[in-house]
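Structure first, then comments.
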Amino acid sequence: DRNGGCQKCDQDSSSATWTSTGLIGQTKCAGEEDEMPTERALLSRLYDQCGGVGWHNQMNWNSDDSHCTWYGITCDDSSSVKDISLGANQLIGNFPTEMYRLPKLEKLSVYSNSVDVSFEGIENAANLRNLVLDETNLASLEGIGKARTLEELTVRFNGLSGRIPEDIKGLVSLNALTISDNDFTGEIPYWISDLPSLTTFLAANNKLTGPVYDFADMSFLTFLDLSG
């Protein structure tokens with residue numbers, strides 16, 4: 001309970017082993033969900049998991065100051081994180097997918113860091129608009145299509161290969177797609193026209209082949225680069 005004591009669960013309310021002395025290995029009753037970590041706790045996990053002690057700039061991180069004053073963090077008026085910008089700051093390791101649980105997060109920029117990035121759980125980032133992952137250890141775009149609110153995606157210099165993945169097709173709000181300086185092959189996919197809001201498509205310096213897609217039906221497209 002709130003005072004730190006224990007409460008007995010109903011016998012039928014939990015799948016844990018019931019003995020004469022109670023439940024073994026159970027910290028909560030069935031139906032109770034794990035509490036959502038605070039935003040400060042989530043950011044501290046980022047610091048710990050991505051080698052924060054070795055960051056180029058770690059001003060205020062894990063200090064007693066508000067997490068909104070930590071380097072690279074911008075909050076809204078309610079002190080909820082809306083922007084994580086830690087590009088070229090010597091982050092390492094696995095970027096924690098728990099960051100997608102930040103309810104007001106709009107921008108995530110960790111370019112030029114040696115971090116492994118996964119899109120598992122990105123559907124939880126219900127307000128994410130801008131994702132900048134240039135020159136990271138990003139190995140795949142699998143799962144990116146679940147980021148339905150994403151408006152800008154940048155993944156340059158990651159050595160991404162194969163055909164341009166159809167996962168991108170799910171980004172129905174996308175305005176700008178930058179996949180330049182990778183190793184994508186094959187033709188421009190037909191489904192690119194299914195991105196109704198796309199105004200910028202930059203795919204230079206890949207290994208694309210075949211006929212150039214007719215972009216005439218994409219009335220909003222303003223900037224296009226397939227050079228190299």
Side-chain angles (χ1 to χ4, degrees), residues 28 30-50 67 72-76 78-87 91 93-111 113 115-156 158 160-179 182 184 189-203 220:
K28 61 182 181 296
E32 293 182 2
E33 298 181 356
D34 292 328
E35 290 186 9
M36 172 68 180
T38 65
E39 296 193 18
R40 182 184 182 92
L42 288 173
L43 292 176
S44 291
R45 188 171 303 175
L46 168 61
Y47 181 86
D48 294 337
Q49 193 163 318
C50 290
H67 62 275
I73 302 301
T74 302
C75 296
D76 63 13
S78 64
S79 297
S80 192
V81 177
K82 67 176 184 179
D83 185 337
I84 299 177
S85 292
L86 292 170
L91 277 67
N94 294 316
F95 188 84
T97 57
E98 290 91 341
M99 296 305 103
Y100 301 141
R101 298 176 68 185
L102 292 166
K104 300 293 185 63
L105 185 65
E106 298 178 4
K107 179 181 179 180
L108 174 58
S109 176
V110 291
Y111 67 87
N113 285 294
V115 288
D116 299 309
V117 180
S118 166
F119 300 121
E120 181 179 355
I122 198 169
E123 65 273 14
N124 296 318
N127 291 289
L128 187 62
R129 305 282 187 268
N130 192 324
L131 187 56
V132 184
L133 301 175
D134 295 344
E135 202 174 8
T136 59
N137 292 340
L138 180 66
S140 169
L141 291 176
E142 182 179 356
I144 188 62
K146 295 178 181 179
R148 308 286 286 183
T149 59
L150 201 61
E151 296 177 357
E152 297 183 24
L153 174 63
T154 307
V155 293
R156 299 171 63 224
N158 278 298
L160 297 172
S161 60
R163 293 184 177 275
I164 298 174
E166 196 165 350
D167 293 70
I168 296 174
K169 181 180 177 181
L171 302 177
V172 294
S173 301
L174 201 64
N175 294 326
L177 174 61
T178 303
I179 58 172
N182 282 290
F184 287 117
Y190 70 90
W191 49 257
I192 199 74
S193 62
D194 292 337
L195 300 175
S197 301
L198 195 66
T199 61
T200 301
F201 180 39
L202 307 180
F220 291 102

Atom pair CG/CG of N137 and N158 - distance to nearest 0.5 Å: 8.0 Å
Please lay out, stage by stage, how N127 and E106 fare under the test side-chain hydrogen bond (donor to acceptor under 3.5 Å, both in side chains). CA-CA 5 Å; N127 291 289; E106 298 178 4; over 6 Å; no
Considering only heavy atoms from C-beta outward, does the side chain of T97 approach that of F119 to under 4.5 Å? no
Atom CD1 in I179, atom CG in L141: separation rounded to 0.5 Å? 8.0 Å
d(N124 CG, M99 CE) to nearest 0.5 Å is 12.0 Å
Test side-chain contact (heavy atoms from CB on, under 4.5 Å) applied to L91 and T136, step by step: CA-CA 10 Å; L91 277 67; T136 59; over 6 Å; no
For N94 and V115, indicate whether the former's side chain and the latter's backbone hold a donor-acceptor pair under 3.5 Å. no
Any side-chain heavy atom of V155 within less than 4.5 Å of one from Y111? no
Got a donor-acceptor contact below 3.5 angstrom from the T149 side chain to the L128 backbone? yes
Give the intermediate values and the outcome of side-chain hydrogen bond (donor to acceptor under 3.5 Å, both in side chains) for residues N130 and S109. CA-CA 8 Å; N130 192 324; S109 176; over 6 Å; no
Less than 4.5 Å apart, side chain to side chain, heavy atoms only: is that true for C75 and S80? no
Check against side-chain contact (heavy atoms from CB on, under 4.5 Å), L171 and L153: CA-CA 10 Å; L171 302 177; L153 174 63; 4.1 Å; yes
Do you know which two heavy atoms are closest between E166 and Y190, and how far apart they sit? OE2-OH, 4.1 Å
Can you confirm whether I73 sits close enough to L43 that some side-chain heavy atom of one is under 4.5 Å from a side-chain heavy atom of the other? yes
Stepwise side-chain contact (heavy atoms from CB on, under 4.5 Å) test for L195 and V172: CA-CA 6 Å; L195 300 175; V172 294; 5.9 Å; no
Exceeds 12 heavy-atom contacts within 6.0 angstrom, atom CD of E142: no
Here the pair of heavy atoms bringing I164 nearest to P189 is CD1-CD, 3.9 Å
Heavy atoms of H67 and R40 approach each other most closely as N-NH1, 3.7 Å
Quick one: closest heavy-atom pair of S173 and S197, and the distance? O-CB, 4.4 Å
Do R101 and P37 have side chains that get closer than 4.5 Å, going by heavy atoms? yes
Quick one, V110 and F95 - any side-chain contact, counting heavy atoms below 4.5 Å? yes
Heavy-atom closest pair (R156 atom, N182 atom, distance to 0.1 Å) is CA-ND2, 4.0 Å
Salt bridge between K82 and D76, side-chain N to carboxylate O under 4.0 Å? no
Residue pair L133 / T154, side-chain heavy-atom distance below 4.5 Å: no
After noting the C-alpha distance and the side-chain angles of L42 and L102, does the key distance pass the side-chain contact (heavy atoms from CB on, under 4.5 Å) rule? CA-CA 8 Å; L42 288 173; L102 292 166; 3.7 Å; yes
Which atom names give the shortest non-hydrogen contact between G145 and R148, and what distance separates them? O-CD, 3.5 Å
When rounded to the nearest 0.5 angstrom, what is the spacing between NZ in K146 and CD in E123? 5.0 Å
Return yes if some donor-acceptor pair links the side-chain N/O of E151 with the main-chain N/O of R129 below 3.5 Å, else return no. no
Validation row: K107, I84 side chains within 4.5 angstrom (heavy atoms): no
Could you state the interatomic distance from CD1 (I192) to CG (L174), rounded to the nearest 0.5 Å? 8.5 Å
I'd like to know if the side chain of T199 and the backbone of N175 have a donor-acceptor N/O pair within less than 3.5 Å. yes
How many angstroms lie between CZ in F201 and CD1 in I168, if you round to the nearest 0.5 Å? 7.5 Å
